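On a predicted model such as this, the values are computed, not experimentally measured, just so you know. Each ligand, and each atom within it, is numbered from 1 in the order the structure gives. Hydrogens, waters and symmetry mates play no part in the numbers below; they use all other heavy atoms, side chains included.
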Amino acid sequence: MTTLTAQYDLIIVGAGLVGASLACAIAQQENASTLQIALIEASNEAQDFAGENFDPRVVALTQASQNLLNNLGVWEDVVQARACAYSDMHVWDGEGTAAIHFNCADVRANHLGHIVENSVVLNALRKKISQHQQIRVIQPARVAGLKNGSGVEVQLGDGSVLVAKLIIAADGAQSKVRELTEFETREWDYGHKAIITTVQTELPNQATAWQRFMRTGPLAFLPLPSINDKHFCSIVWSAETELAEELMQLNDAEFSKRLGVAFEHKLGKILHTAERHAIPLRQRHAKTYIQPHIVLVGDAAHNIHPLAGQGVNLGLLDVAALAQEIERALLRKIPLNDFSILRRYQRQRLASNLVMMSAMEAFKRLFGSNSLMLTWLRNTGMRQLDSITELKKIIVKAAMGIH
Ligand SMILES: Cc1cc2nc3c(=O)[nH]c(=O)nc-3n(C[C@H](O)[C@H](O)[C@H](O)COP(=O)(O)OP(=O)(O)OC[C@H]3O[C@@H](n4cnc5c(N)ncnc54)[C@H](O)[C@@H]3O)c2cc1C
């Protein structure tokens with residue numbers, strides 16, 4: 001049997017939020033008009049959600065991520081489809097008395113960020129990708145094998161072969177490319193599952209992101225736009241696996257009741273709960289992001305607990321850094337796979353991703369502890385933090401990605 005081999009300048013595996021953004025960021029560069037880019041995606045096209053039907057997967061995008069999407073020419077489409085700006089954030093300790101409140105006025109901003117459905121951003125990116133002639137989307141197609149020599153040879157599930165000097169793995173947490181190329185990772189199970197769904201609440205969400213920390217894990221209510229005078233939030237309830245499984249077994253009415261109690265009825269009754277999904281949570285960080293001809297970006301390189309809503313925001317910072325290095329290579333006519341280009345990307349991103357991941361791990365342990373000492377420490381710390389305006393400003397700016 002003969003197999004067709006197609007030659008590209010670069011191959012991006014995975015057209016999720018990170019891979020699709022990266023394809024746009026590279027294709028829009030001045031010197032990239034003749035580049036041949038293959039974008040391989042395993043799933044079918046993103047779904048459309050409308051009216052009172054929301055995508056269960058949402059992300060809290062920082063100002064830095066908004067700026068990037070704006071530079072790609074997709075932010076306008078995102079806002080026009082639907083996005084919910086939030087002006088406040090309430091975080092409190094469910095096992096104690098301490099709370100922190102952040103408001104966008106603290107940092108003289110109009111909002112702290114936006115809650116956006118994944119499918120809304122993906123659809124806007126796909127529309128932009130269709131305007132870039134250099135990008136060939138290959139979908140649905142799954143990378144099944146890979147040979148790395150003087151270039152990379154990628155085998156798809158249907159037996160076809162693609163060849164390039166550089167392959168970028170944006171294929172998410174379970175990255176096949178990372179596995180096939182034997183990147184080493186540090187990883188462990190959080191012992192948590194995140195239950196995600198959309199709920200209708202009795203009271204308006206006040207354009208506020210709410211987060212209650214419990215010993216069994218954090219519960220977040222993220223604001224969505226109101227429709228027909230009905231009020232909605234997307235929830236992420238991270239709970240120890242046993243509890244999460246018990247919650248998944250409940251019928252909708254029982255689940256809504258348990259959720260209302262866990263959330264201390266801050267927004268009145270939970271009137272309706274949409275279909276629930278449970279996602280096992282794992283901490284994972286590749287020890288290096290690069291090998292000759294291969295780069296990891298986004299969740300393929302790093303996975304963190306969703307408690308701070310930073311996963312895709314870190315991935316989009318990877319996109320900005322790698323696109324900038326590729327732009328530099330194109331300008332100076334350096335081969336894209338030149339190891340100095342890849343090394344510069346890794347230098348910019350690996351250490352700072354590690355800092356964020358360590359901070360989230362410390363946070364999770366601080367709130368997951370029964371110890372009286374740690375309970376005292378987090379309550380005292382939270383109360384003091386809430387009263388130190390300058391420190392709060394620094395934290396808000398860091399969370400917004402504008403420090
Ligand atoms: C419950 C929860 C809540 C979250 N909330 C937030 C938040 O508020 N803010 C935030 O910043 N982050 C959040 N995150 C993290 C965020 O969702 C991820 O960081 C982000 O989706 C990663 O994007 P990605 O493109 O790297 O990977 P993915 O979104 O996983 O995309 C990978 C793509 O690769 C494709 N693919 C996989 N394997 C193959 C293959 N072999 N061949 C071809 N294609 C393949 C997949 O189909 C997919 O489209 C949350 C995560 C969870 C679980």
Side-chain angles (χ1 to χ4, degrees), residues 11-23 38-46 55-62 64-66 84 86 89 113-119 121-122 125-126 137-146 154-158 162 167-180 190 192-197 209 211 217-223 234-239 244 276-284 296-319 353 356-357 360 399-401:
I11 298 170
I12 300 173
V13 182
L17 295 173
V18 171
S21 299
L22 184 61
L39 179 60
I40 305 170
E41 170 53 44
S43 70
N44 290 310
E45 306 248 333
D55 188 345
R57 292 206 63 168
V58 306
V59 281
L61 292 181
T62 60
S65 294
Q66 177 184 334
C84 187
Y86 61 100
M89 200 187 296
H114 285 81
I115 306 299
V116 191
E117 293 156 85
N118 285 23
S119 54
V121 188
L122 282 173
L125 284 165
R126 292 307 288 266
V137 180
I138 303 169
Q139 179 182 29
R142 187 171 281 281
V143 168
L146 202 143
V154 173
Q155 275 161 13
L156 302 184
D158 66 359
L162 281 64
I167 174 163
I168 301 172
D171 50 347
Q174 314 287 342
S175 172
K176 185 74 180 172
V177 174
R178 189 187 63 222
E179 181 200 312
L180 289 168
Y190 278 123
H192 274 186
K193 279 189 178 177
I195 300 176
I196 56 167
T197 186
Q211 182 137 246
L219 167 63
F221 270 57
L222 306 172
S234 180
I235 67 138
V236 183
W237 190 347
S238 308
R276 282 163 266 157
H277 306 266
I279 304 171
L281 299 177
R282 214 172 157 74
Q283 155 92 302
R284 186 184 289 110
L296 307 180
V297 290
D299 272 25
H302 43 77
N303 268 153
I304 62 173
H305 199 287
L307 69 88
Q310 287 298 328
V312 83
N313 292 303
L314 296 183
L316 292 177
L317 290 174
D318 296 349
V319 166
N353 285 335
M356 176 62 86
M357 295 177 82
M360 285 314 104
M400 290 169 78

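Summary of contacts: the protein heavy atom closest to atom 37 (C) of ligand 1 is D171 O, 3.4 Å. Looking only at protein heavy atoms, the nearest one to atom 9 (N) of ligand 1 is G309 O, 3.0 Å. The shortest contact between atom 1 (C) of ligand 1 and any protein heavy atom is with I196 CG2, 3.5 Å. The shortest contact between atom 8 (O) of ligand 1 and any protein heavy atom is with A60 N, 2.8 Å. Summary of contacts: the protein heavy atom closest to atom 27 (O) of ligand 1 is G172 CA, 3.6 Å. Counting protein heavy atoms only, atom 31 (O) of ligand 1 is closest to G16 CA, 3.6 Å. In terms of protein heavy atoms, atom 40 (C) of ligand 1 is closest to V143 N, 3.8 Å. In this structure, atom 14 (N) of ligand 1 lies nearest to the protein heavy atom V59 CG1, 4.3 Å.
Of the heavy atoms in A170, only backbone atoms (N, CA, C, O) come closer than 4.0 Å to ligand 1. Looking at V18 against ligand 1, both its backbone and its side chain come within 4.0 Å, counting heavy atoms. For L61, no heavy-atom contact with ligand 1 is shorter than 4.0 Å. Of all the heavy atoms of S238, none lies under 4.0 Å from any atom of ligand 1, so neither backbone nor side chain is involved. Both the backbone and the side chain of A42 come within 4.0 Å of ligand 1, counting heavy atoms alone. If you look at R142 next to ligand 1, the close heavy atoms, those under 4.0 Å, come from the backbone and the side chain alike.
In this structure, Y86 contributes its side chain and L222 its backbone to no donor-acceptor pair below 3.5 Å. With S21 contributing its side chain and L17 its backbone, the two residues share a donor-acceptor pair below 3.5 Å. Within the 3.5 Å criterion, the main-chain N or O of T62 finds a donor-acceptor partner in the side chain of N313. Of the possible polar contacts, none joining the N303 side chain to the Q283 backbone as a donor-acceptor pair under 3.5 Å is found. Counting only distance, with no hydrogens or angles, the side chain of D171 and the backbone of K176 share a donor-acceptor pair below 3.5 Å.
Closest heavy-atom contact between G16 and E41: N-OE1, 3.9 Å. Across every non-hydrogen atom of A209 and P223, the tightest pair is CA-CD, 3.9 Å. For Q211 against A220, the heavy-atom pair with the smallest separation is OE1-CB, 3.6 Å. When all heavy atoms are compared, the tightest approach of A15 to L122 is O-CD2, 3.6 Å. Annotation for I115 and A60: closest pair CD1-CB, 3.7 Å, computed over non-hydrogen atoms. The nearest pair of heavy atoms linking A173 to R178 is O-NH2, 2.9 Å.
None of L39, I138, V177, V154 except one satisfies the side chain to side chain contact (heavy atoms under 4.5 Å, CB included) rule with I11; the exception is V154.
Remark: ligand 1 and V312 share an N or O pair separated by less than 3.5 Å (distance only, no angle test). Polar contact check, A194 against ligand 1: no nitrogen or oxygen pair lies under 3.5 Å apart. Ligand 1 has no N or O atom lying under 3.5 Å from any N or O atom of P306, backbone or side chain. Considering backbone and side-chain atoms alike, D299 places an N or O below 3.5 Å from some N or O of ligand 1. Checking only distances, G311 does come within under 3.5 Å of ligand 1, N or O to N or O.
Qualifying side chain to side chain donor-acceptor pair (under 3.5 Å) partners for S119, counting only residues two or more places apart in sequence or in other chains: D55. With sequence neighbours left out, H302 forms a ring pair (Phe, Tyr, Trp, His ring centres under 6.0 Å) with no residue at all.
The shortest separation from a heavy atom of G315 to ligand 1 is not under 4.0 Å, leaving the residue out of contact. Using a 4.0 Å heavy-atom cutoff, A300 is absent from the residues neighbouring ligand 1.
Atom numbering of ligand 1 starts at 1 in the shown order; those under 4.0 Å from a heavy atom of G298 are 26 (O). In the vicinity of V13, heavy-atom distances shorter than 4.0 Å reach the ligand 1 atoms 42 (N), 43 (C). Listed by number with element, the atoms of ligand 1 under 4.0 Å from a non-hydrogen atom of K176 are 41 (N).
For atom 51 (C) of ligand 1, the candidate residues are E41, Q310, R57; the nearest heavy-atom contact is made by R57.
Side-chain contact of R126 with Q139: a donor-acceptor pair under 3.5 Å is present, judged by distance alone.
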